[in-house]
Asker: 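Below you'll find the structure I mean.
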Amino acid sequence: MNSALQTLFDRGFIKACTNLEGLSDLMDKESIRMYVGVDATGKSLHIGHMVPFFALHHLQKAGHQPIALVGGGTTMIGDPSGKSEMRKMLSKEEILSNSESMKSQLQTVVDFSENPGEGKGRAMMLNNADWLTELNYIDFLREIGRHFSVNRMLSFEAYKQRLERGLSFIEFNYQLLQSYDFYILNKEHDCRLQVGGDDQWGNIVSGVELIRKMGGPECFGLTFNLITRADGHKMGKSEKGAVFLDPELYSPYDFYQYWRNVNDEDTIRFLKLFTFLSLEEIATYEKEGVNINDAKERLAYEQTKIIHGEEEADKARSAALAFFGSKADTVENREGMPSITIAMSELEAGIGVLELFARTDLASTNSEARRLVQGGGAWIGEQKVDDPRALIDSSFLDEHDELILRSGKKRYFRVIVER
RNA sequence: GGAGAGGUACCCAAGCGGCCAAAGGGGGCAGACUGUAAAUCUGUUGGUUAUCACCUUCGAAGGUUCGAAUCCUUCUCUCUCCA
């Protein structure tokens with residue numbers, strides 16, 4: 001087995017391959033190009049999108065050359081795979097701006113620099129809008145469309161489900177376009193491998209077949225396990241919605257907390273998938289008698305460091321340890337926490353608890369804040385506030401002249417007072 | 001184009017003239033138990049309000065009625081069958 005592939009197996013990525021031996025042999029022989037596609041459906045990627053890119057990271061390190069394909073063109077269609085309903089269509093402008101912001105996020109895991117360093121393959125980023133938007137419908141049907149059997153497409157699991165609920169023609173075309181992408185990448189860039197989540201299996205196989213029918217070389221498809229959580233919740237979803245990589249949408253502190261709170265059963269698996277720690281090092285966390293919480297802290301730290309950088313990871317960890325751990329609760333350690341700033345004069349005049357909580361992320365409306373307060377889950381520092389009429393003034397300030405609001409036992413929010 | 005079935009809160013889904021801010025489930029939040037875990041149990045879950053109360057919501061717009069998520073009209077979208 002090719003060592004790069006073996007790494008992916010050992011880390012728990014791989015689900016299926018079109019021709020494992022063939023791929024392994026090819027990768028032993030030469031540095032290959034492979035690609036992953038992402039749709040530009042949102043402003044930010046979330047953590048669930050990242051699995052294939054983490055895999056690309058390992059392959060790049062082994063000398064292979066990743067292509068990240070932003071689906072500027074395919075996003076206009078919408079992939080029906082794994083979805084029960086048609087996706088709303090986005091404007092071209094939205095898609096363009098989305099794909100721009102995704103580029104920077106992918107750089108955290110795949111190295112797109114001109115000179116990635118010894119042994120690493122050179123990566124590139126492409127956008128399929130470049131070739132899809134100028135397609136001529138008749139030509140496309142004659143050259144590409146004729147290779148697709150509707151009978152066969154309908155037998156794919158991805159479409160079967162949608163046949164129950166309805167599937168529009170535009171979505172039915174998605175597979176052709178994704179296959180065409182692979183064909184173009186093979187022709188123009190000698191790309192031999194497409195990787196993706198297991199829900200992409202049908203689309204990937206179609207691409208491999210299309211290239212063969214068009215007279216190209218043998219190409220390969222490799223899919224990864226869809227990441228699930230032990231409790232059955234969807235990966236990358238949290239109480240606040242998707243765990244986005246954009247710090248504006250999901251703060252690095254909350255991001256850290258998300259990983260800090262994964263299930264026991266998921267911890268080792270996630271360390272393998274979502275960090276670059278060596279397997280030997282990860283194995284030390286599996287030993288008898290090791291506190292699982294140490295592993296979770298490591299997971300949270302490493303993952304935050306990869307996505308948001310070392311500085312943010314340090315801040316998030318310090319803040320977490322200041323409240324949950326033994327680390328001293330100093331102003332410096334609070335830096336990573338989500339916060340708002342209010343004027344001293346306002347605080348001296350007194351602010352209603354409800355309003356104060358509603359201004360933080362802990363509650364979005366006064367009513368929600370009221371429920372929290374009446375339910376006994378609202379705290380300021382170590383003081384529980386259970387009267388919705390309570391006025392918060394400067395007497396609540398802690399030794400650092402700040403307010404630390406808390407919802408329940410583990411959601412903290414920092415209020416900085418400006419003089 | 002014809003016939004039928006539908007669009008209910010974050011999601012699924014009941015309700016089919018007043019007792020409906022709307023059953024039930026899921027999800028979320030909080031409490032208990034813990035390990036900043038899971039599972040479990042309890043409470044809560046449109047907005048403004050200390051409370052009474054008021055405001056907005058059942059695809060959209062009009063109408064009937066003392067009163068409409070519920071009845072009527074038009075529009076719109078989805079699905080199924082037929083052409």
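Chain letters run A, B, ... following the sequence lines, proteins first, then strands; residues in each count from 1. As a basis for the values below, the full set of heavy atoms in this structure was taken, side chains included, without hydrogen atoms, waters or symmetry mates. From a predicted model like this one, the values you see are computed outputs, not experimental measurements.
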Asker: From the list B:U44, B:U48, B:A30, which nucleotide is the closest neighbour of the side chain of A:N366?
Answerer: B:U48
Asker: When you measure from the side chain of A:T365, which nucleotide among B:U48, B:G35, B:A30 comes out closest?
Answerer: B:U48
Asker: Can you tell me how far P in B:C79 sits from the matching atom in B:G24, rounded to whole Å?
Answerer: 32 Å
Asker: Tell me which of A:E265 and A:W379 sits closer to the 5' end of RNA chain B, going by the nucleotide each one is nearest to.
Answerer: A:W379
Asker: Out of B:G47, B:A32, B:U51, which nucleotide sits closest to the side chain of A:K409?
Answerer: B:A32
Asker: Tell me what A:A320 touches on the nucleic acid: a base, only sugar-phosphate, or nothing, going by heavy atoms under 4.0 Å.
Answerer: base
Asker: Can you give the donor-acceptor pairs under 3.5 Å from side chains of residues 370-393 of chain A to other protein atoms, not counting sequence neighbours?
Answerer:
from	atom 1	to	atom 2	distance (Å)
A:D387	OD1	A:R389	N	2.9
A:D393	OD1	A:S395	N	2.9
A:D393	OD1	A:S395	OG	2.5

Asker: What is the distance from NZ of A:K296 to C1' of B:U36, rounded to the nearest Å?
Answerer: 9 Å
Asker: Can you tell me the pairing partner of B:U80 across any strand shown, Watson-Crick or G-U wobble, with both distances under 3.5 angstrom?
Answerer: B:A3
Asker: Check whether more than 12 heavy atoms from other residues, nucleotides or ligands sit under 6.0 Å from atom NZ of A:K327, and answer yes or no.
Answerer: yes
Asker: If we take the C1' atom in both B:U49 and B:C55, what is their distance in whole Å?
Answerer: 11 Å
Asker: If you only use heavy atoms from C-beta on, which nucleotide in B:U36, B:C29, B:A50 is closest to the side chain of A:F324?
Answerer: B:U36
Asker: Kindly indicate, with the supporting measurements, whether the criterion side chain to side chain contact (heavy atoms under 4.5 Å, CB included) is fulfilled by A:D264 and A:K296.
Answerer: CA-CA 8 Å; A:D264 288 5; A:K296 290 186 190 179; 2.7 Å; yes
Asker: Measure the distance from CG on A:N263 to C1' on B:U34 and round it to the nearest whole Å.
Answerer: 14 Å
Asker: So if I take every side-chain heavy atom of A:R371 and compare against B:U44, B:A37, B:U51, which nucleotide ends up nearest?
Answerer: B:U44
Asker: Return the nucleotide paired to B:C75: Watson-Crick means purine N1 to pyrimidine N3 with N6-O4 or O6-N4, wobble means G-U with N1-O2 and O6-N3, both under 3.5 Å.
Answerer: B:G59
Asker: Rounded to whole Å, how long is the line connecting atom CG of A:N261 with atom P of B:C29?
Answerer: 11 Å
Asker: Taking pairing as Watson-Crick or G-U wobble with both contacts under 3.5 Å, can you name the mate of B:G24, or confirm there isn't one?
Answerer: B:C12
Asker: Rounding to a whole Å, what distance do you find between A:D266:CG and B:A38:P?
Answerer: 11 Å
Asker: Select one nucleotide: of B:U36, B:U49, B:G35, the one nearest the side-chain heavy atoms of A:Q257.
Answerer: B:U36
Asker: Would you call A:E310 and A:R317 a salt bridge, taking side-chain N to carboxylate O under 4.0 Å as the test?
Answerer: no
Asker: Rounded to whole angstrom, note down the C1' distance from B:U70 over to B:C16.
Answerer: 5 Å
Asker: Rounded to whole angstrom, note down the P distance from B:C20 over to B:A69.
Answerer: 12 Å
Asker: Check the distance between B:A30's C1' and A:L362's CG and give it to me in whole angstrom.
Answerer: 12 Å
Asker: At less than 4.0 Å, is any side-chain N or O atom of A:K410 found next to OP1 or OP2 of B:G35? Yes or no.
Answerer: no
Asker: Calculate the interatomic distance between A:R317 atom CZ and B:U36 atom C1'; express it in whole Å.
Answerer: 16 Å
Asker: With the side chain of A:R260 defined as its heavy atoms from C-beta on, choose the nearest nucleotide among B:U36, B:G47, B:A50.
Answerer: B:U36
Asker: Scan A:S407 against the nucleic acid and name what it touches under 4.0 Å (heavy atoms): base, sugar-phosphate only, or nothing.
Answerer: sugar-phosphate
Asker: Tell me the partner of B:A38, counting only Watson-Crick (N1-N3 plus N6-O4 or O6-N4) or G-U wobble (N1-O2 and O6-N3) with both under 3.5 Å; none if nothing fits.
Answerer: none
Asker: Please give the distance between the P atoms of B:G46 and B:C41 as a whole number of Å.
Answerer: 23 Å
Asker: On RNA chain B, does the nearest nucleotide to A:Q374 precede the nearest nucleotide to A:S364 from the 5' side, or the other way round? Give the residue.
Answerer: A:S364
Asker: Give me the ring orientation class for A:F270 and A:F274: parallel if the planes are under 30° apart, tilted from 30 to 60°, perpendicular past 60°.
Answerer: perpendicular
Asker: Taking the P atom of each, how far is B:U56 from B:A5, in whole Å?
Answerer: 33 Å
Asker: Using Watson-Crick or G-U wobble geometry with both distances under 3.5 Å, which nucleotide pairs with B:U64?
Answerer: none
Asker: Side-chain atoms of residues 396-404 of chain A: list all donor-acceptor pairs with protein atoms under 3.5 Å, sequence neighbours left out, distances to 0.1 Å.
Answerer:
from	atom 1	to	atom 2	distance (Å)
A:D398	OD1	A:H400	N	2.8
A:D398	OD1	A:D401	N	3.2
A:D398	OD1	A:E402	N	3.0
A:D398	OD2	A:R334	NH1	3.1
A:D398	OD2	A:R334	NH2	2.8
A:H400	NE2	A:D329	O	2.6
A:D401	OD2	A:R419	NH2	3.3
A:E402	OE1	A:R334	NH1	2.8
A:E402	OE1	A:R414	NE	3.1
A:E402	OE2	A:R414	NE	3.3
A:E402	OE2	A:R414	NH2	2.8

Asker: Strictly by Watson-Crick or wobble contacts shorter than 3.5 Å, is anything paired with B:C52, and which nucleotide is it?
Answerer: none
Asker: So does A:D111 pair up with A:K61, basic N to acidic O under 4.0 Å?
Answerer: no
Asker: Taking pairing as Watson-Crick or G-U wobble with both contacts under 3.5 Å, can you name the mate of B:C19, or confirm there isn't one?
Answerer: none
Asker: With hydrogens left out and only the distance checked, is there a donor-acceptor pair under 3.5 Å joining A:D264's side chain and the base of B:G35?
Answerer: yes
Asker: Taking the same atom, C1', in B:U8 and in B:A23, what whole-Å distance lies between them?
Answerer: 12 Å
Asker: Would you tell me if any nitrogen or oxygen in the side chain of A:R229 comes within less than 4.0 Å of OP1 or OP2 on B:A37?
Answerer: no
Asker: Using atom CZ of A:F270 as one end and atom P of B:A38 as the other, report the distance to the nearest whole Å.
Answerer: 13 Å
Asker: Would you measure the distance from the P atom in B:G26 across to the matching atom in B:G43 and give it in whole Å?
Answerer: 13 Å
Asker: Within the side chain of A:S339, is there an N or O that forms a donor-acceptor pair under 3.5 Å with the backbone of A:V415?
Answerer: no
Asker: Take atom CD of A:E346 as the centre, draw a 6.0 Å sphere, and report whether it contains more than 12 heavy atoms from other residues, nucleotides or ligands.
Answerer: yes
Asker: Going through the distances and angles, do A:E281 and A:R298 end up as a salt bridge (charged side-chain N to carboxylate O under 4.0 Å, His left out)?
Answerer: CA-CA 11 Å; A:E281 190 165 4; A:R298 189 69 190 275; 2.9 Å; yes
Asker: Rounded to the nearest Å, what distance is computed from the CG atom of residue A:L372 to the C1' atom of nucleotide B:G28?
Answerer: 13 Å
Asker: Between residues 299-307 of chain A and RNA chain B, which residues have a heavy-atom gap below 4.0 Å?
Answerer: none
